[in-house]
Amino acid sequence: MDALKAFLRHPSGMAGLVLILAVLALAASAPVLYPESPWEMVATPFAPPGEDGMRLGADTLGRDVAAGIAHGARVSLLIGVASALAALVIGVTVGALAGYAGGGLDAALMRMTELFQTIPAFVLAILLVATFTPSLATIVATIGAVSWPPLARLTRAEFLRLRRREFVEAAICQGERTARVVFGHVLPNAVSPILVTASLTVASAILIESALSFLGLGDPNMMSWGFMVGSARSSIRQAWWASVFPGLAILVTVLAINLFGEGLSDVLNPRIARRRG
């Protein structure tokens with residue numbers, strides 16, 4: 001409750017939360033606001049904002065830019081959250097095993113993590129998506145596969161810090177099973193920094209998905225912000241709105257998630273909390 005009150009008083013965190021709720025509301029209301037398919041050609045090509053009933057104009061094929069942004073919000077948020085959850089499951093599992101078990105298992109898992117980190121995440125994502133058929137499931141799995149190493153290293157560091165604490169050793173001395181010690185005592189005390197990093201992973205996942213769609217490696221059946229920017233880049237002088245407005249949608253969403261993560265970090269950081277108190 002104290003953390004919630006502190007977050008409500010955090011200006012940047014609340015600004016991020018308000019923006020996130022606005023994007024969620026847009027995504028949820030997309031089928032109501034724009035019941036037609038965002039792929040439909042409903043106006044004159046290059047129609048500027050305000051003409052032919054197009055609030056944000058039309059693209060090179062006469063598709064409604066506003067409808068594309070609304071429906072693209074659903075895709076970006078879905079991929080961002082699903083990819084972050086996949087990365088969270090993999091990263092926390094690997095980090096927990098490495099940090100709690102230690103020894104040879106720790107060394108092997110950390111070498112595997114470092115192997116993934118030697119290749120830039122976006123380059124590896126391009127290779128994986130290009131190898132398999134681009135689809136929603138493939139993109140989620142790919143982004144999750146390239147985003148888990150930071151979560152694994154953070155989880156390992158927290159487990160190394162906590163596994164020698166008195167309450168953990170007391171639980172072991174009482175004969176509690178390893179799973180009970182890990183999930184009942186260690187992980188709950190390590191969850192704060194993991195949640196902050198996971199929230200920022202959502203923003204990174206949205207950026208990676210947008211970049212993949214920009215390069216033509218997104219799901220061809222799904223309208224996304226990156227695809228809209230990429231398809232309109234060749235006509236930016238004739239129809240700047242077709243790429244600028246989807247780009248602003250990406251900017252606002254990623255900024256909102258980062259502001260929210262910053263607020264969450266400040267509230268859950270015990271040093272900052274003590275200083276504030």
Side-chain angles (χ1 to χ4, degrees), residues 16-17 19-31 38 68-96 113 116-117 119-155 187 191 193-230 246 249-261 264:
L17 179 59
L19 289 173
I20 290 172
L21 292 176
V23 175
L24 287 172
L26 176 63
S29 60
I69 291 175
H71 285 270
R74 299 163 65 88
V75 176
S76 294
L77 291 176
L78 174 62
I79 290 177
V81 173
S83 301
L85 287 175
L88 184 66
V89 170
I90 299 172
V92 169
T93 301
V94 171
T113 303
F116 271 84
Q117 290 187 301
I119 307 173
F122 184 57
V123 174
L124 183 57
I126 291 176
L127 292 175
L128 292 175
V129 174
T131 302
F132 303 100
T133 303
S135 65
L136 195 64
T138 302
I139 293 170
V140 169
T142 295
I143 298 176
V146 303
S147 301
W148 64 267
L151 285 162
R153 298 186 72 88
L154 174 64
T155 304
L187 187 57
V191 75
I194 294 173
L195 281 180
V196 172
T197 306
S199 69
L200 299 177
T201 304
V202 176
S204 300
I206 291 175
L207 285 176
I208 294 175
E209 185 277 329
S210 298
L212 290 172
S213 297
F214 179 87
L215 296 175
L217 294 174
D219 190 327
N221 301 313
M222 295 286 188
M223 179 65 73
S224 72
W225 294 335
F227 170 79
M228 295 176 69
V229 175
I250 298 171
L251 172 64
V252 169
T253 303
V254 172
L255 177 63
I257 296 172
N258 278 280
L259 288 174
F260 177 78
L264 204 61

**Q.** Nearest heavy-atom neighbours spanning Val23 and Thr253
**A.** CG2-OG1, 3.7 Å
(Q) Does any part of the side chain of Asn221, heavy atoms only, come nearer than 4.5 Å to the side chain of Leu136, both counted from C-beta? (A) no
Q.
Rounded to the nearest 0.5 Å, what separates atom CG in Leu195 from atom CG in Leu88?
A. 7.5 Å
Q. Which is it for Phe116 and Leu124 under the side-chain contact (heavy atoms from CB on, under 4.5 Å) test, yes or no, and what are the steps along the way?
A. CA-CA 9 Å; Phe116 271 84; Leu124 183 57; 4.1 Å; yes
Q. Where do Pro38 and Met223 come nearest, in terms of heavy atoms and distance?
A. O-CE, 3.6 Å
**Q.** Residue pair Leu187, Val191: steps toward the side-chain contact (heavy atoms from CB on, under 4.5 Å) verdict
**A.** CA-CA 6 Å; Leu187 187 57; Val191 75; 5.6 Å; no
Q) Between Ser76 and Ala73, is there a donor-acceptor pair closer than 3.5 Å when you use the side chain of the first and the backbone of the second? A) no
Q. So do the side chains of Ile208 and Ile79 get within less than 4.5 Å of each other, counting heavy atoms only?
A. no
(Q) To check you understand the geometry: which heavy-atom pair defines the closest contact between Pro246 and Val229, and what is its length? (A) CB-CG2, 3.8 Å
**Q.** Close side-chain approach of Trp225 to Ile69, heavy-atom, < 4.5 Å
**A.** yes
Q: Please round to the nearest 0.5 Å and tell me the distance separating atom CD1 of Ile143 and atom CG of Leu207.
A: 10.0 Å
Q. Atom CE of Met222 and atom CD1 of Ile139: how far apart are they, to the nearest 0.5 Å?
A. 9.5 Å
Q) From Leu215 CG over to Phe122 CZ, what is the distance, rounded to the nearest 0.5 angstrom? A) 4.5 Å
Q | Closest non-hydrogen atom pair between Ile206 and Val254, with its separation | A | CG2-CG2, 4.3 Å
Q: Output the distance between atom CD1 (Ile257) and atom CG (Leu264), rounded to the nearest 0.5 Å.
A: 12.5 Å
Q | Phe227 and Val75: CA distance, side-chain angles, deciding distance, side-chain contact (heavy atoms from CB on, under 4.5 Å) verdict | A | CA-CA 11 Å; Phe227 170 79; Val75 176; over 6 Å; no
Q.
Quick one, Thr113 and Trp148 - any side-chain contact, counting heavy atoms below 4.5 Å?
A. yes
(Q) Contact between Val252 and Leu19 at the side-chain level, heavy atoms closer than 4.5 Å - yes or no? (A) yes
Q) Under 4.5 Å between any side-chain heavy atoms of Val140 and Leu85, yes or no? A) no
Q | Heavy-atom closest pair, residues Ser199 and Gly261 | A | OG-CA, 3.7 Å
Q. If you measure from CG on Leu26 to NE2 on His71, what distance do you get to the nearest 0.5 Å?
A. 9.5 Å
(Q) Which heavy atom of Pro31 sits nearest to which heavy atom of Ala27, and what is that distance? (A) CD-O, 4.1 Å
(Q) For the backbone of Pro134 and the side chain of Thr138, can you confirm whether one donor and one acceptor N or O come within less than 3.5 Å of each other? (A) no
